[in-house]
Amino acid sequence: MKDYKLTFAILTVAIVWGTTFLSIRVAVETIPAWFVAGIRQFLAGIIMLIILLYRKQFSWIGWKNLGYQLIFSLLMLVIANGLTTVAEETMTSSLTSLISATSPIVVFLGSLALGLQKFTLRAFIGLLMCFSGIVFIFWDGIKDLANPEYRIGIVLLFTAILGWASGTLFTKKLKIQSKSISLNLFYQFIFAGILQLIFAFLFSEDYNFGNWSLKSFAAMLYLALFGSVAAFFAYHYALTKVSPVQVSILAYVNTIISIFLSWLLLKEEISAKFIIAAVLIIFGVFVINYNPQMFKKQRIE
């Protein structure tokens, strides 16, 4: 690939988003989850504000657009990201990343319900593979659901997936066009950050700041600077060079990287059934979203 900036952008998205679940797990070891999510989004918002002021692009977006951004932020950042962070207090990062990989399935089913997509034999095969993967996940771990904390974590994670899917469908259904992605993102980050910090003080049983470890704090800063801001810019730069369908392949790479790093760095157990589940879910999502354009060469200007 001759475009080195594009190569760097794609690697940034694949690696950074692949380390997100790992970083969340490290952060919530000593920092309450809502503080991790809230500080992450609030810092990301401040960084976006500094960038916008430097570029002299900061402005009011209007009440109608603000309403759209707040709804989107509530679904994608507060519910999806926030509840995923809370779920990782009781779940491993590898399991969280694998279950989260099923979110395109929920988007697809929602698209069917709203008439945005048609049901095909290929979609049926993909759905069958994904649900088979979920069965393999809980094959040996069904007894773990007797643990209230683990059970709550699973419920929160699936609620987070519904939030992400709802945000995606909200954008698709209304066909919202963004004139300034950076500006909209600032409002999304700030709103989510403030709301999640309120949740942090309301729902965190023990938020003794003295107990926060340097490792957890560093992971939280990494999530803000790289997971929320750097990866976002890299992702949208990639979209200016190649098709969205081609960039979507990164979603499969992210899950593989996340599972591998969880095993390597956090020593999380990866069983044979877990690997089978990962293969089924990743290929199932791929089959549903397959498009010939994924592998067509694209001219880079």
Side-chain angles (χ1 to χ4, degrees), residues 7-31 33 36-37 39-41 43-44 80-104 130 133-134 136-138 140-141 144 150 153-154 156-157 160-161 164 212-235 238 247-286:
T7 304
F8 181 74
I10 289 175
L11 287 175
T12 297
V13 175
I15 294 172
V16 171
W17 280 354
T19 60
T20 297
F21 293 98
L22 172 73
S23 301
I24 290 174
R25 182 61 184 168
V26 173
V28 298
E29 285 180 355
T30 62
I31 303 175
V36 173
I39 294 174
R40 170 188 179 179
Q41 307 302 353
L43 285 178
N81 179 266
L83 292 184
T84 297
T85 305
V86 176
E88 281 208 55
E89 286 187 320
T90 56
M91 296 175 60
T92 63
S93 62
S94 54
L95 179 59
T96 306
S97 64
L98 182 55
I99 294 178
S100 296
T102 64
S103 57
C130 285
I134 293 174
F136 269 98
I137 288 177
F138 296 107
D140 293 328
D144 294 332
Y150 179 78
I154 292 292
L156 290 176
L157 183 55
I161 291 172
W164 181 272
W212 295 10
S213 71
L214 182 60
K215 184 172 70 170
S216 292
F217 195 79
M220 184 171 60
L221 291 179
Y222 173 84
L223 287 167
L225 184 58
F226 292 96
S228 293
V229 178
F232 161 78
F233 278 113
Y235 178 75
V247 177
S248 69
I249 298 175
L250 291 171
Y252 313 111
V253 180
N254 295 340
T255 304
I256 295 171
I257 291 176
S258 179
I259 293 172
F260 173 74
L261 290 178
S262 297
W263 167 78
L264 180 66
L265 301 178
L266 298 182
K267 309 301 180 184
E268 293 181 359
E269 182 181 353
I270 306 296
S271 65
K273 284 190 176 68
F274 190 92
I275 294 174
I276 293 173
V279 172
L280 286 170
I281 289 173
I282 291 172
F283 274 97
V285 173
F286 177 79

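Here the CH2 atom belonging to Trp164 is positioned 8.5 Å from the CG atom belonging to Asn81, to the nearest 0.5 angstrom. Taking OG1 of Thr19 as the start and OH of Tyr222 as the end, the distance is 2.5 Å to the nearest 0.5 Å.
Under the 30°/60° scheme for interplanar angles, the aromatic rings of Trp263 and Phe260 are found to be tilted.
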Exercise for the section: Check the pair Leu266 / Val26 against side-chain contact (heavy atoms from CB on, under 4.5 Å), numbers first and verdict last. Expected result: CA-CA 9 Å; Leu266 298 182; Val26 173; 4.1 Å; yes
Practice task
Go through Cys130 and Val285 one step at a time and tell me if the side-chain contact (heavy atoms from CB on, under 4.5 Å) criterion holds.
Solution key: CA-CA 7 Å; Cys130 285; Val285 173; 3.8 Å; yes
Exercise for the section: Kindly determine whether Leu95 and Phe274 satisfy side-chain contact (heavy atoms from CB on, under 4.5 Å), including the steps that lead there. Expected result: CA-CA 9 Å; Leu95 179 59; Phe274 190 92; 4.1 Å; yes
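Nearest heavy-atom pair, Ser262 versus Ser94, reported as atom, atom and distance to 0.1 Å: OG-N, 3.5 Å. Here the shortest heavy-atom pairing between Trp17 and Gly227 reads NE1-O, 3.3 Å. Across all their heavy atoms, Gly153 and Ala87 have their closest contact at O-CB, 3.5 Å.
No donor-acceptor distance shorter than 3.5 angstrom exists from the side chain of Arg25 to the backbone of Thr92, with no hydrogens or angles considered. Thr102 places no side-chain N or O within 3.5 Å of a backbone atom of Leu98 that could act as its donor or acceptor partner. Remark: the backbone N or O of Thr96 is paired with a side-chain donor or acceptor of Ser100 at under 3.5 angstrom.
Counting heavy atoms from C-beta outward, Ile259 and Ser97 have side chains that approach closer than 4.5 Å. A heavy-atom distance below 4.5 Å is not found between the side chains of Ser93 and Ile24. Between Leu157 and Leu83 there is no side-chain heavy-atom pair separated by less than 4.5 Å. At a threshold of 4.5 Å between non-hydrogen side-chain atoms, the residues Ile257 and Leu22 do not count as touching. Side-chain contact check for Phe21 versus Thr84: some heavy-atom pair is nearer than 4.5 Å.
Checking Thr30 against Ser213 by side-chain atom types alone, a donor-acceptor pair falls below 3.5 Å.
Looking at residues two or more places apart in sequence or on another chain, you find no side-chain hydrogen bond (donor to acceptor under 3.5 Å, both in side chains) involving Ser23.
For the side-chain contact (heavy atoms from CB on, under 4.5 Å) criterion with Glu89, the lone passing option out of Val36, Val28, Leu156 is Val28.
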